[in-house]
There are 2 protein chains.
Amino acid sequence: MSNFEAFFDYIQEISGKLLSEDDKQLLMAHFKAKKLRKRQYFLQEGDVCKYIGFIVKGSARTFTTDEKGHENVLKLSVENWWLADFESFYLLTPSRFNIEALENLEVLQSTNAQIEEFLKHIPAFSAMANVISQNYTISTQKRMQAAFSYTAEERYQDLISNYPHFLKRFPQNMIASYLGLSPETLSRIRKNFFK
Amino acid sequence: MSNFEAFFDYIQEISGKLLSEDDKQLLMAHFKAKKLRKRQYFLQEGDVCKYIGFIVKGSARTFTTDEKGHENVLKLSVENWWLADFESFYLLTPSRFNIEALENLEVLQSTNAQIEEFLKHIPAFSAMANVISQNYTISTQKRMQAAFSYTAEERYQDLISNYPHFLKRFPQNMIASYLGLSPETLSRIRKNFFK
DNA sequence: AAGTACGCTTGATTTAAGTCAACTCATTGT
DNA sequence: ACAATGAGTTGACTTAAATCAAGCGTACTT
């Protein structure tokens, strides 16, 4: 299963620990491959986020809609990232978010109860969880700062230097929304920028 | 040590596990009480965040300054919260943040290396860390959403409903900065709001 | 191949929030 | 006690970004 190979490599690389054959068997037994076509939803607003998904291939966006129907992209995700609304996933409350495939998407997914088991029994998995949690803490700290203290143009520059591949991969209006901008404003920023 | 009693209670309550006498001894041996007077700094921009602090009494703000000398409050913290720049604390890089006491402050502090030991040897402590990490993930997810998709007034209302005690406790210009607003704008929002 | 829808750009206008400035009131310090 | 500092308010003005609107080009669809 080449799907799982990539997944195992990821866990071992992030955690700095090796997975035993038993570990791998356990993971394979309880992570299910799931394919979504472009535009399909991994999670819909109002549903409980029962699954967490690891992206093997493809990309997705996490977004909300306000009362005016205006969409707001909070996260753009690609290979080797996790998909979930963590609030809903941990607390089993209805989600306020939608997660939609932006390209054909292959994920490996599992449930909260299963994740608890992995954390308990697979050292590499729980080491990975700690590292991810650290990274997440760091990156949200940065993103919060950017959101509040940077101008639109600075946020765009920030994106270019941190995630240059996003520019190729996602339509400009998604990028705009991710940066908290209207598509028109991003278009103008780019116009000024390339001079 | 009444300081430690409150700390132990907190750990046990959050984690849902009990601390043994040995656990308590270990914690007491390696968390050091530290007092800061109002306006003193727990962490200064450019320094490495060597300590993580648990607030026993008092309050603090985490902020950055931009090139124009404009201060930007990212976090307001009170009793039973943790103080640190996690990026700097985990990676030992110079911090971009300042953490300043807003009231006389009593913290229990420890180092990264010691925290690793606690996580390894004190089940209640590592359970607590997991819960905190979950809560943090959830709350930053919410805060990101608020930052991008709420208006200034909605963010203020949100603060009122989530942290009503902040209004009593922190000066209005700190609240304004925390919400990403100028003090004037917050003043006007409040004026409209009370009608 | 034609038609439609959608993404991107550009221009004109509006709006929310920031900035600058003056004033009041409360707190602090000597 | 009195000056001084600083927080909060209010008003006038500016600015950054949103909104509204029109037009262009590309790519799905049938």
Side-chain angles (χ1 to χ4, degrees), chain A residues 37-40 59 61 63-74 76 100-104 145-160 166-195, chain B residues 37-40 59 61 63-74 76 100-104 145-160 166-195:
Chain A
R37 308 203 55 212
K38 184 173 173 173
R39 305 254 142 193
Q40 280 191 297
S59 61
R61 65 175 177 140
F63 69 101
T64 55
T65 52
D66 63 24
E67 57 289 345
K68 289 288 164 218
H70 201 279
E71 294 184 353
N72 201 279
V73 174
L74 290 146
L76 293 170
E100 181 200 25
L102 291 178
E103 301 168 324
N104 290 341
Q145 196 205 349
F148 281 113
S149 50
Y150 289 7
T151 64
E153 188 163 344
E154 287 168 334
R155 293 204 298 274
Y156 181 64
Q157 290 187 26
D158 210 44
L159 182 79
I160 291 176
F166 276 20
L167 300 187
K168 301 271 176 196
R169 191 140 182 200
F170 298 111
Q172 201 167 302
N173 57 3
M174 295 292 160
I175 304 270
S177 180
Y178 176 77
L179 293 172
L181 299 175
S182 69
E184 294 94 332
T185 298
L186 181 56
S187 176
R188 285 183 247 265
I189 285 171
R190 285 167 52 86
K191 190 179 167 188
N192 287 330
F193 192 70
F194 297 117
K195 279 188 204 161
Chain B
R37 308 203 55 212
K38 185 174 173 171
R39 306 252 139 195
Q40 280 190 298
S59 61
R61 65 173 176 140
F63 69 100
T64 54
T65 51
D66 62 26
E67 57 289 345
K68 288 289 164 214
H70 202 279
E71 294 184 354
N72 202 277
V73 174
L74 290 147
L76 293 169
E100 180 200 29
L102 290 178
E103 301 168 323
N104 290 341
Q145 193 205 352
F148 281 111
S149 51
Y150 289 7
T151 65
E153 189 162 344
E154 287 168 334
R155 293 203 300 272
Y156 182 63
Q157 289 186 26
D158 210 45
L159 183 78
I160 291 177
F166 276 21
L167 301 187
K168 303 270 178 196
R169 191 140 181 199
F170 297 111
Q172 200 166 302
N173 57 2
M174 295 292 159
I175 305 271
S177 179
Y178 176 76
L179 294 171
L181 299 175
S182 69
E184 294 94 331
T185 298
L186 181 56
S187 176
R188 285 183 248 266
I189 285 172
R190 285 167 52 85
K191 191 179 167 190
N192 288 331
F193 191 70
F194 297 116
K195 279 189 204 160

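Note that this is a predicted model, so its numbers are computed, not measured. By convention in this document, chain letters (A, B, ...) are assigned in the order of the sequence lines, proteins followed by strands, and residues within each chain are numbered from 1.
The interatomic distance linking B:Leu167 (CG) with D:dG8 (P) rounds to 12 Å, in whole Å. As a whole-Å value, the separation of B:Asp66 CG from C:dG18 C1' is 13 Å. For the pair A:Asn192 CG and D:dA16 P, the interatomic distance rounds to 11 Å; values are reported in whole Å. B:Glu71 has its CD atom 12 Å from the P atom of D:dG6, to the nearest Å. A straight line from OH of B:Tyr150 to P of C:dA17 spans 15 Å, rounded to a whole angstrom. Per the geometry, OH belonging to B:Tyr156 stands 17 Å off C1' belonging to C:dA17, to the nearest Å. Between the CG atom of A:Leu186 and the P atom of D:dA16 there is a distance of 17 Å, given to the nearest Å. Taking atom NZ of B:Lys191 as the reference point, atom C1' of D:dT10 lies 6 Å away to the nearest angstrom.
Contact annotation for A:Leu181: backbone-only contact, meaning every heavy-atom pair under 4.0 Å involves sugar-phosphate atoms and none involves a base.
Closest approach of A:Gly180 to B:Phe148, counting heavy atoms only: CA-CD2, 3.5 Å.
With distances taken from any side-chain atom of A:His70 to the nucleotides D:dT19, C:dT10, D:dG11, the minimum falls on D:dT19.
A salt bridge does not link B:Glu100 to B:Lys38: none of the charged side-chain nitrogens sits closer than 4.0 Å to a carboxylate oxygen.
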Using a cut-off of under 3.5 Å, enumerate the N/O to N/O pairs linking the protein to nucleotides 22-30 of chain C.
none

Polar-atom pairs under 3.5 Å, protein N or O versus N or O of nucleotides 20-22 of chain D: list them with distances, or write none.
residue, atom, partner, partner atom, Å
D:dC20, N4, A:Glu184, OE2, 3.1

Pairs under 3.5 Å (N/O, protein and nucleotides 5-8 of chain C):
residue, atom, partner, partner atom, Å
C:dC8, OP1, A:Gln172, N, 3.0
C:dC8, OP2, A:Gln172, N, 3.2
C:dC8, OP2, A:Asn173, N, 3.0

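Axis deviation across the helix from C:dT4-D:dA27 to C:dT30-D:dA1 amounts to 40°, comparing end segments of five pairs, rounded to 10 degrees.
Expressed to the nearest 0.5 Å, how far CD of B:Gln157 lies from CD1 of B:Ile189 amounts to 9.5 Å. Separating the OG1 atom in A:Thr185 from the CG atom in A:Leu179 is a distance of 11.0 Å, to the nearest 0.5 Å.
In this structure the side chain of B:Leu74 reaches within 4.5 angstrom of the side chain of A:Gln145, judged on heavy atoms. When side chains are defined from C-beta on, A:Thr64 does not count as touching A:Val73, because their heavy atoms never get closer than 4.5 Å.
Every residue two or more places apart in sequence or in another chain that forms a side-chain contact (heavy atoms from CB on, under 4.5 Å) with B:Leu167 is listed here: B:Tyr156, B:Leu159, B:Ile160, B:Ile175. By the salt bridge (Lys or Arg N to Asp or Glu O under 4.0 Å) test, B:Glu153 is found to be paired with no residue, residues two or more places apart in sequence or in another chain being considered.
A cation-pi arrangement is present between A:Arg61 and A:Phe63 under the rule of less than 6.0 angstrom and at most 45 degrees off the ring axis.
Between A:Thr185 and D:dA18 there is a side-chain polar atom (N or O) within less than 4.0 angstrom of OP1 or OP2.
Using a distance-only test at 3.5 Å, with no hydrogens or angles considered, a donor-acceptor pair links the side chain of B:Arg155 to the main chain of B:Tyr150. Judged by distance alone, the side chain of B:Ser149 and the main-chain N or O of A:Asn72 form no donor-acceptor pair under 3.5 Å.
The side chain to side chain contact (heavy atoms under 4.5 Å, CB included) with B:Leu186 is formed by just one residue from the set B:Glu184, B:Arg190, B:Arg188; it is B:Arg190.
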Applying side chain to side chain contact (heavy atoms under 4.5 Å, CB included), run through B:Gln172 and B:Ser187 and close with a yes or a no. CA-CA 8 Å; B:Gln172 200 166 302; B:Ser187 176; 4.1 Å; yes
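Side-chain N/O atoms of A:Glu71 and A:Thr65 include no donor and acceptor closer than 3.5 Å.
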